[in-house]
Amino acid sequence: MPSWLSLYYEQPIEIVSGRGRRVTDSEGRTYLDFFAGILTSMLGYDVPEVREAVERQLRTGVAHTSTLYLIRSQVELAERIAGLSGIADAKVFFTNSGTEANETALLLATNARRSDQVLALRNSYHGRSYGAMAVTGNRGWKNSSLSPVNVHYLHGTDRDRFPHLSDEEFLAFCADDLRQVLATATATDVACLIAEPVQGVGGFTAAPDGLLARYREILDEHGILLVSDEVQTGWGRTGEHFWGFQAHGVTPDVLTFAKGLGNGFAIGGVVADGALMDALPANGISTFGGNPIATAAARATLDYLLAHDLQANARRLGRLLIDGLRTAVEGLPVVGEVRGRGLMFAVDLVDPDGGAPSPALAARVLEEARQRGLLIGKGGLHGNTLRMAPPLTLTEDEATEGLGILVDSLTAVG
């Protein structure tokens, strides 16, 4: 395995079984999971409805056909997602991952605009492939300056760098910055702006509500498309909205999704206006994207999500966790900021003396939480951010339990 394929923890763990919101490692230790395989096990583990849907498909003997043949579950899932997207006359193309979904979105936009120019946000992450890495605004995840697209980065989620500005002043500043970039740094016919409503790898950072709408007004003046990367924010995880872009009062031209939809099975996709989707001039298929197993799991996951109103659960328990965490760590010198929306929240760890970002302290809290039976994630621009995104089926008792472990772990290093 490559050296850059890093593992969590000083003594890495192997997860061998799971049920509900808990997983068990190969040594028999059980953990409450607050990271869900990087926001992917959205319903948790061993969900009967998902398992039975996959088993039904497996019993047919057909696990794969490719998109050269009709896949009924793929068509039905596409119809559901198109209707939920808010995009008029939408069509859906299924992929294997968020990276591949974002690559497809870039292909649609650059083809439609006949341009390789793309706008992205600082501190963003859109995947590990050549094109997706090129529009990633975080140096820790960029292996090369070589790029198939010509990228310019905008302000938006770096609100903390401008403490002297109110939110309204910051929105005006960002809009003016976009106008300046278009006037000075780009040629005509920029293809698109791609943005995460809440930046995942970037540490669950988000721009003030309304920024994408401000940007959209300017983009429309130039015919520039808006792509919303909903790989981590989709399906109601932020609580207040089903899609992250809805917090900004705007509908994108293209949205991408992945992760939680399959509850662990590999599926991603792109939603776009039918004319935009159909405009690609060359042939295209997907060997594995939207395969019968993945789409069976995804349909069952989406049905469960909607039937149990998990968006409302994310909203309610997110408030409990975020408010409780802020209160509990107030005055703790190692905590820089607590932020988040719904079941997507984060804590920055800082040096207690000077306030500088502290990746070392974040790593220590990760270990402390693991020892106490809680799995969490980390990330952020400086590697000092703890990321929490439990399954959307989390119960109030589990939220309280996880909050207590997290507070104890932060206190242990603070």
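These numbers come from a predicted model, not from an experiment. Reckoned from all heavy atoms, side chains included, excluding hydrogens, waters and symmetry mates.
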Under 3.5 Å, side chain of [X] to main-chain N/O of [Y], donor-acceptor pair present?
| X | Y | answer |
| --- | --- | --- |
| T60 | R56 | no |
| H152 | A185 | yes |
| K91 | A272 | no |
| K142 | A134 | yes |
| T67 | I285 | no |
| N263 | M42 | yes |

Can [X] and [Y] be counted as an ion pair, charged N to O under 4.0 angstrom?
| X | Y | result |
| --- | --- | --- |
| E221 | R179 | yes |
| R216 | D220 | yes |
| E168 | R214 | yes |
| R339 | D160 | no |
| E401 | R21 | no |

For the atom pair [atom1] ([X]) and [atom2] ([Y]), what is the distance rounded to the nearest 0.5 Å?
| X | Y | atom1 | atom2 | value |
| --- | --- | --- | --- | --- |
| Y45 | R51 | OH | CZ | 15.5 Å |
| I405 | L32 | CD1 | CG | 6.0 Å |
| W4 | N143 | CH2 | CG | 8.0 Å |
| N150 | L119 | CG | CG | 9.5 Å |
| L182 | L178 | CG | CG | 4.5 Å |
| F94 | T104 | CZ | OG1 | 12.5 Å |

Below 6.0 angstrom between ring centroids: does that apply to Y215 and H248? no
Do [X] and [Y] come within less than 4.5 Å of each other through their side chains, counting heavy atoms only?
| X | Y | result |
| --- | --- | --- |
| L361 | V350 | no |
| W243 | S228 | no |
| H126 | S124 | yes |
| R372 | L374 | no |
| I87 | T251 | yes |
| R128 | W141 | no |
| L225 | L219 | no |

Can you give me the closest heavy-atom contact between [X] and [Y], atom names plus distance?
| X | Y | value |
| --- | --- | --- |
| I13 | Y31 | CG2-OH, 3.9 Å |
| A346 | T385 | CB-CG2, 3.7 Å |
| S129 | T99 | OG-CG2, 3.1 Å |
| A36 | D33 | N-OD1, 2.9 Å |

For T295, side chain to side chain donor-acceptor pair (under 3.5 Å) partners two or more places apart: S73
Begin with the C-alpha distance, continue with both residues' side-chain angles, and end with the deciding distance and a verdict on side chain to side chain contact (heavy atoms under 4.5 Å, CB included) for V347 and M388. CA-CA 9 Å; V347 181; M388 280 67 66; 4.0 Å; yes
Neighbour count above 12 (heavy atom, 6.0 Å) for D89 CG: no
Greater than 12 external heavy atoms within 6.0 Å of E55's CD: yes
Mind checking what makes ring pair (Phe, Tyr, Trp, His ring centres under 6.0 Å) contact with F242, not counting sequence neighbours? W235
Would you call the rings of F162 and H155 parallel, tilted or perpendicular, where under 30° means parallel and over 60° means perpendicular? perpendicular
